[in-house]
Amino acid sequence: MPYNNYDERGYRPHNPRDGRSARNAREEQRRDEELERSLVTRRKFFGVLMGAGALLCGAKLLDYQVFNADEYRQQADYRRLSHQTLFAKRGTVYDRNGNVLASSVECQNVYVNPQLIESKRKAVNALVDILGVDAAEVRDILDRDTTFAYVKRQVDQEDADLLAEKDIAGIEFEPTIKRVYPYGSMASQVLGVVNVDNEGISGLEGYYNDDLMGENGSIVRERARDGSYIAGGAYEKVPAQDGTDMVLTIDANIQRAAEDAMKEAVTSSGANYGSAVVCDPTTGEILAACSYPTYDQSNLAEARTEDMNLRVVTDAYEPGSVFKALVCGMAIDMDKVTPDTEFSVPASVEVGSDHVYDVDKRDYTMTMSVREIMRRSSNTGMVLVGRKVGEDNFAKYLKKYGLGTKSGIDFPGESTGIIRDRSEYDGSSLGSMSFGQGIAVSPIELLRAMTGIANKGVMVTPHFLKSKKGEEIDWASKDKRAISEEAAEQVVSMMETVVAEGTGAGAQIEGYNIAGKTGTAERAGEGGGYQENNNMASFLGFVSPKHPKAMVYITLDGTAYTSSVATPPFKTIMQATIDALGIKAGE
């Protein structure tokens, strides 16, 4: 009878192997229970995972449809829509006589959509032949995975038209504006330049950029995935608003004469560079301003940064003996001297630890009036005049003349020079400053101070802007008195003597009265002291002293010569100014 697990009463019969079977059963039960628990855990994990996924999907839907719907819509629109800038036409810049100095013309930016190019060889050949671009660079552009890439910006309309006639799919055009200068590089330092985005970045183009630039417009068009425009698709145009036209105080004829004269002066004197500025000393209107070497704004690749500077504004120098006119103005205004006041002027004067001599190197004492000191440009004599002024008053008058502060000129990058505070004066300060050394100012600062001599004691603000939107700009509110009218007239009289029979004789113009002052300042060395044969030669003068109409200031830096090399360009520029303004002889 076969062995059964249970007998008829339901009891398991005894078997020697029953102990092992019981253990196996318990092990199987344990494994079953673990398997059940594992299945439950997995079901819970997948349930939580599916729940989290549902929550994330819901959150993402809320993000797309509610919270950031506008942002995602804008991103989709950006990929779907083409945004093209319509550049505003910059305002035209005129000289005082209506001559166009800077204007804007329509041109084209040429770009490509490589996705639409059917024949790269044909496209490359056309772009190279007409635009003169590099073939390898064009091939690189056409190999890009994009739908938009510039090939050349600000292409002349004539060239763009020739390229358009080729009718090559994928070569496209964007209307834009280019700045042009009818007089070429003339007044380039004054006018400055604009970048490819039509923004002024230097000179008056930069200073008055907000007025000149206007407000750009835009065109929005719908495009397909390959970048091509969809016929009948979305289209929106916002017209550009052109910039403001401006009239400058510059006279193109005087400007040209000044630039030619300074080129000749720098070349003949061996100077490192030279500058000239012409103004009306009664209004501050700048009729011409330049530095040489200069640059061509249509060829910036070869322009040196330093040549782009209008040095009459951006650089500072020891002014030398031109400064003596201001010192005489101080002393006369204080009633310390008159033009006839006499001094016993020694051959040398101790200034700090140094001894100052006159340029003629005389070895004896002379009796000189203040007028004679000016006529001879005596350094030793001016030290004595400066002592009459005194340190405290000297510092006060420097502030009255506006030295050490910006002149107010409407031009970027003005240097304020180096003017010591009264507390910083040492044993040599007063003496050295009395004849124009130990002090550094920009030419435009000194020019403004000297208008306070020519204009009956009242300083005017040098400026370039004459009118905009057809309205004259009022600069007179910034006028400031430096010295009395009587003191100014006496200094002018001595400056007339300087030209009539003194160091400035080379500046005489037949039939005209010229008042002026020469200047020769030695250039300071990096290790202290002054360098030999490295001077800043200068001359400042104005015509018709009783009713001045034009002032010219010449500086030649880095020349071995004295102020004598500054009078020829002064004379040339002043003659051109006389002719341009119609100043009559004898006035």
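As the structure is a prediction and not an experimental result, all values here were calculated from the model.
Across Ile583 and Ala550, no two heavy atoms sit closer than the pair CD1-CB, 4.5 Å. Across all non-hydrogen atoms, the minimal contact from Ser407 to Thr461 is O-CG2, 3.5 Å. Between Ile254 and Ala576, the shortest heavy-atom contact is CG1-O, 4.3 Å. Shown here for Val266 and Gly274, the closest heavy-atom pair between the two residues is CG2-N, 3.3 Å. In terms of heavy-atom proximity, Leu248 sits nearest to Leu465 at CD2-CA, 4.4 Å. Scanning both residues, Ala258 and Ala288, for their nearest heavy atoms gives CB-CB, 4.3 Å.
We find that Asp140 and Arg144 are joined by a salt bridge, their nearest charged nitrogen and carboxylate oxygen being less than 4.0 Å apart. We find that Glu306 and Arg304 are joined by a salt bridge, their nearest charged nitrogen and carboxylate oxygen being less than 4.0 Å apart. Under the 4.0 Å criterion applied to side-chain N and carboxylate O atoms, Arg96 and Glu285 are assigned as salt-bridge partners. Using a cut-off of 4.0 Å between Lys/Arg side-chain N and Asp/Glu carboxylate O, Asp211 and Lys468 are scored as salt-bridged.
Proximity of a side-chain donor or acceptor of Ser268 to a complementary backbone N or O of Ala265 within less than 3.5 Å is detected. The closest donor-acceptor contact from the side chain of Thr249 to the backbone of His463 lies under 3.5 Å. Tyr553 contributes no side-chain N or O that, together with a main-chain N or O of Pro443, makes up a donor-acceptor pair within less than 3.5 Å. In this structure a side-chain-to-backbone donor-acceptor pair under 3.5 Å is missing from Ser291 to Ser275. Side chain of Tyr401 to main chain of Leu326: a donor-acceptor pair is present (N/O by atom type, distance under 3.5 Å, no hydrogens or angles). Gln115 places a side-chain N or O within donor-acceptor distance of the main-chain N or O of Thr146, the cut-off being under 3.5 Å. Remark: the backbone N or O of Gly438 is paired with a side-chain donor or acceptor of Glu318 at under 3.5 angstrom. Side-chain atoms of Asp557 do not come within 3.5 Å of backbone N or O of Tyr273 as any donor-acceptor pair. Side chain of Thr520 to backbone of Ser563: a donor-acceptor contact under 3.5 angstrom is found. Without hydrogens or angle criteria, Asn455 side chain to Met459 main chain gives no donor-acceptor distance under 3.5 Å.
For the pair Arg256 and Tyr183, the cation-pi test (distance below 6.0 Å, angle within 45°) is failed.
For Glu302, the CD atom sits in a loose shell: 12 or fewer heavy atoms of surrounding residues, nucleotides or ligands are nearer than 6.0 Å. Within a 6.0 Å sphere centred on NZ of Lys480, heavy atoms belonging to other residues, nucleotides or ligands number more than 12. Atom CD of Glu472 has more than 12 heavy atoms from other residues, nucleotides or ligands within 6.0 Å. The local environment of CD1 in Ile418 is sparse, with at most 12 non-hydrogen atoms from other residues, nucleotides or ligands closer than 6.0 Å.
Between Gln575 and Ile578, the closest side-chain pair of non-hydrogen atoms falls below 4.5 Å. Two residues are said to be in side-chain contact when any heavy atoms from C-beta on lie closer than 4.5 Å; Leu212 and Thr92 fail this criterion. Contact annotation: the side chain of Met213 approaches that of Asn216 to within less than 4.5 Å [non-hydrogen atoms, C-beta and beyond]. Side-chain contact check for Phe148 versus Val112: every heavy-atom pair is 4.5 Å or farther apart. In this structure the side chain of Leu540 never reaches within 4.5 angstrom of the side chain of Phe323, judged on heavy atoms. Between Lys89 and Val105, the closest side-chain pair of non-hydrogen atoms is not below 4.5 Å. Within the 4.5 Å cutoff, the side chain of Glu215 has no heavy atoms near those of the Asp242 side chain. For the pair Ile286/Ile409, a side-chain contact is recorded, criterion being any heavy-atom separation below 4.5 Å from C-beta on.
Side-chain contact check for Thr416 and Glu445: no donor-acceptor pair (N or O, by modelled atom type) lies under 3.5 Å. Glu174 and Tyr150 share a side-chain donor-acceptor pair at under 3.5 Å. A donor and an acceptor atom, one from each side chain of Asn99 and Asp95, are located under 3.5 Å apart. Side-chain polar atoms of Ser218 and Thr85 form no donor-acceptor pair below 3.5 angstrom.
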### Task
Could you give me the CA-CA distance, side-chain angles and deciding distance for Val151 and Tyr111, then say whether side chain to side chain contact (heavy atoms under 4.5 Å, CB included) is met?
CA-CA 5 Å; Val151 176; Tyr111 65 95; 5.6 Å; no

### Query
Going through the distances and angles, do Leu556 and Met262 end up as a side chain to side chain contact (heavy atoms under 4.5 Å, CB included)?
CA-CA 9 Å; Leu556 288 164; Met262 292 316 300; 3.8 Å; yes

### Task
Start with the C-alpha distance between Phe411 and Tyr207, add both sets of side-chain angles, then the distance that settles ring-ring contact (aromatic ring centres under 6.0 Å, His included), and finish with yes or no.
CA-CA 6 Å; Phe411 198 86; Tyr207 191 88; 7.6 Å; no

#### Entry: Worked verdict on Val110 versus Leu163 for side chain to side chain contact (heavy atoms under 4.5 Å, CB included)
CA-CA 9 Å; Val110 177; Leu163 188 58; 3.8 Å; yes

### From CA spacing to verdict: side chain to side chain donor-acceptor pair (under 3.5 Å), Ser104, Arg179
CA-CA 5 Å; Ser104 297; Arg179 204 62 160 162; 3.0 Å; yes

### Query
Do Gln255 and Asp251 pass the side chain to side chain donor-acceptor pair (under 3.5 Å) test, and can you show the C-alpha distance, the side-chain angles, and the key distance before you say yes or no?
CA-CA 6 Å; Gln255 180 72 29; Asp251 184 301; over 6 Å; no

### Derivation of the side chain to side chain contact (heavy atoms under 4.5 Å, CB included) call for Thr282 and Val460
CA-CA 7 Å; Thr282 65; Val460 295; 5.9 Å; no

### Task
Any chance you could lay out the side chain to side chain donor-acceptor pair (under 3.5 Å) test for Asn209 and Glu205, step after step, and finish with the verdict?
CA-CA 5 Å; Asn209 184 62; Glu205 294 275 25; over 6 Å; no

### Query
Going through the checks in order, is the side chain to side chain donor-acceptor pair (under 3.5 Å) test met by Thr555 and Ser538?
CA-CA 4 Å; Thr555 59; Ser538 60; over 6 Å; no

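Considering CD1 of Ile168 and CG of Leu116, their distance stands at 13.0 Å, rounded to 0.5 Å. Atom CG of Asp260 is separated from atom OH of Tyr292 by 10.5 Å, given to the nearest 0.5 angstrom. Taking CG of Leu403 as the reference point, atom OG of Ser442 lies at 9.0 Å (rounded to 0.5 Å). Taken from CZ in Phe570 to OG1 in Thr577, the straight-line distance is 8.5 Å, to the nearest 0.5 Å. Rounding to the nearest 0.5 angstrom, the gap separating the CD1 atom in Ile171 from the CG atom in Leu131 is 8.0 Å. Within the model, atoms OH of Tyr317 and CE of Met536 stand 7.0 Å from one another, a figure rounded to the nearest 0.5 Å.
Results of the salt bridge (charged side-chain N to carboxylate O under 4.0 Å, His left out) test with Asp197 over Lys178, Arg90, Arg153 single out Arg153 as the only residue that passes.
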